[in-house]
2 protein chains.
Amino acid sequence: MTKTESSSESHLSGVALWRRIADAIRLDIVGGKRQPGDRLPGETELAERFSANRHTVRRALAALQAEGVIRTEQGRGSFVDQARRVSYRIGKRTRFSENLAGQAATISRDMLSSRLENATASVASALGLRAGTKVTRLETLSSADNRPMSRASIWLSYATFPDFATRFMENPSITATLASYGIADYARASTRISARHADADETATLKLAPGAILLVSEAVDTDLAGKPLLYALSRFPADLMELVV
Amino acid sequence: MTKTESSSESHLSGVALWRRIADAIRLDIVGGKRQPGDRLPGETELAERFSANRHTVRRALAALQAEGVIRTEQGRGSFVDQARRVSYRIGKRTRFSENLAGQAATISRDMLSSRLENATASVASALGLRAGTKVTRLETLSSADNRPMSRASIWLSYATFPDFATRFMENPSITATLASYGIADYARASTRISARHADADETATLKLAPGAILLVSEAVDTDLAGKPLLYALSRFPADLMELVV
DNA sequence: TTATGTTGTCTATTTTATTAGACAAGTAGA
DNA sequence: TCTACTTGTCTAATAAAATAGACAACATAA
């Protein structure tokens, strides 16, 4: 409900009007301006506010309902279902499960797949290896209260951590698996944060609406001596999470 | 060039196919996969790769050319113009001008406007004030090499910093203006990072293509004793910048 | 010059997005 | 029950996105 844009400029945007309306309403909800249980303005009023037809507003509301952000009841109105964004803390010691403790009842991390591959230039430079070195690549999906919250790709040197994937599969925790190699502690060396639209695969695994925005974090964790242990590329739905430094 | 999406699902997305194609190509460029000067594949090949019509690809390329990301020459092809993203470092000591030094030749910060207003709940809690307290609000635009890179809204307690706006206008540097009040040094207490689409105003002042994605940083700077000095809400074009923690 | 591959431009058609209006069906309070 | 307001559903018309095909204009190398 933050912006009102005339439909005459829609052809410049490449983003459908109903989606811009849905984005604006969702922004107020995940930003905390509207609390769960609150009733949204009526469809006619929203149509006026966005200078759009009521049918266009209805399409936006239908999309938000499909996302689980609101719930619409005939004769009564639309009501906010989803709470505001949860925070993911980034610091020297960044641990996924510790991080969301207190903000969700159940937290889980699943391994989607793993494979052995040759390090690309970016992976090699992050891990301090030569390009082409054998590395283990893990694909994981993390959830809070059964809602997918993070899709990560993780690379580790195969020579340093042989068999990492099978150990991780038994107990899908990075901290625990590293401990099994004698790494008692590790620290976050650097984090690069960017944002972009989700692709088809990410839309599916994270159960997002097409066109959703992701926060992308590229991080390197090192041992206490500063030697790179792993390189992680994590994608967070921007509507569900914010990163706190 | 990362994803290939069938056009049959476009009606679910709310984002036009030509814009999804433009986003994919731009992502490869700002991500460093394509260097300035590189030639893109021909329109016919791109059309095949994205399962789209050549006219649709042409519209995507036209949009990228209007953004200044590529340049198209008849009979020759399309060539990458823009370099990869620049990095904005976030840490205990975060200073805009120091941060981009070395990545751009000229760096400037302009004040767009200032006004006195009553603190909203979120501003008040960030600055440790009571809601409704008088605060100065600055709207600034920062550029590197004459390219707008950051649009920020900054709030400070009016009682603590009377006249801040006029002092800032004379020398538009936060560090320098705080120094004029006897604040020799200050530190970043917290930063919250999220992402969303740009609204109409941001699209205009940051000279972005409609529908562009912004990285949003909400930060509180404090004096060395930990007392909040200012609250800043900065928006960075996600295609031009990445945040490094 | 010629052959080939590239981008530029035109017309036409189909599909989707958006608008417009009318009325049914549900809710809540007087 | 009655009234006023809400969401749900239908038909229809217009605007924009996307596809399809043909050919012109330009660049490059043989």
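Chain identifiers are assigned alphabetically (A, B, ...) following the order of the sequence lines, protein sequences preceding nucleic acid strands; residue numbering begins at 1 within each chain.
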How about A:Tyr158: does its OH atom have over 12 heavy atoms from other parts shown lying under 6.0 Å from it? no
B:Arg151 and side chain to side chain contact (heavy atoms under 4.5 Å, CB included): which single residue from B:Leu112, B:Leu214, B:Thr140 fits? B:Leu112
Rounded to whole Å, the CZ-P distance (B:Arg71 to C:dT6) equals 18 Å
Determine, for A:Arg26 against A:Asp23, whether the closest basic-nitrogen to carboxylate-oxygen distance falls under 4.0 angstrom. yes
Ignoring hydrogens and angles, state whether a donor on the side chain of B:Ser142 or B:Ser150 is under 3.5 Å from an acceptor on the partner side chain. no
Between P on D:dA16 and CZ on A:Arg20, what's the gap in Å once rounded to a whole number? 12 Å
Where protein sits on nucleotides 21-30 of chain C, one letter per nucleotide: B base, S sugar-phosphate only, - none, heavy atoms under 4.0 Å: BB--BBSS--
Are A:Thr56 and C:dT19 close enough that a side-chain N or O sits under 4.0 Å from OP1 or OP2? yes
Salt bridge (charged side-chain N to carboxylate O under 4.0 Å, His left out): pairs with one or both residues in residues 202-211 of chain A, sequence neighbours excluded: A:Arg196-A:Glu202, A:Glu202-A:Arg235
Can a side chain N or O of A:Arg58 be found less than 4.0 Å away from OP1 or OP2 on D:dT7? no
Between atom CZ in B:Phe50 and atom C1' in D:dA18, what is the gap in whole Å? 16 Å
Let me see the working for B:Glu139 and B:Ser113 under side chain to side chain donor-acceptor pair (under 3.5 Å), right down to the final yes or no. CA-CA 5 Å; B:Glu139 299 292 336; B:Ser113 68; 5.5 Å; no
In whole angstrom, give the distance that lies between atom CH2 of A:Trp18 and atom C1' of D:dA15. 18 Å
Quick one: B:Glu43 CD to D:dC26 P, roughly how many Å, whole number? 16 Å
Starting at CZ of A:Arg19 and ending at P of C:dT18, how long is that distance when rounded to a whole Å? 11 Å
From CD of A:Glu48 across to P of D:dC5 the rounded distance in Å is 14 Å
Would you kindly give the CZ-to-P distance between A:Arg59 and D:dT7, to the nearest whole Å? 19 Å
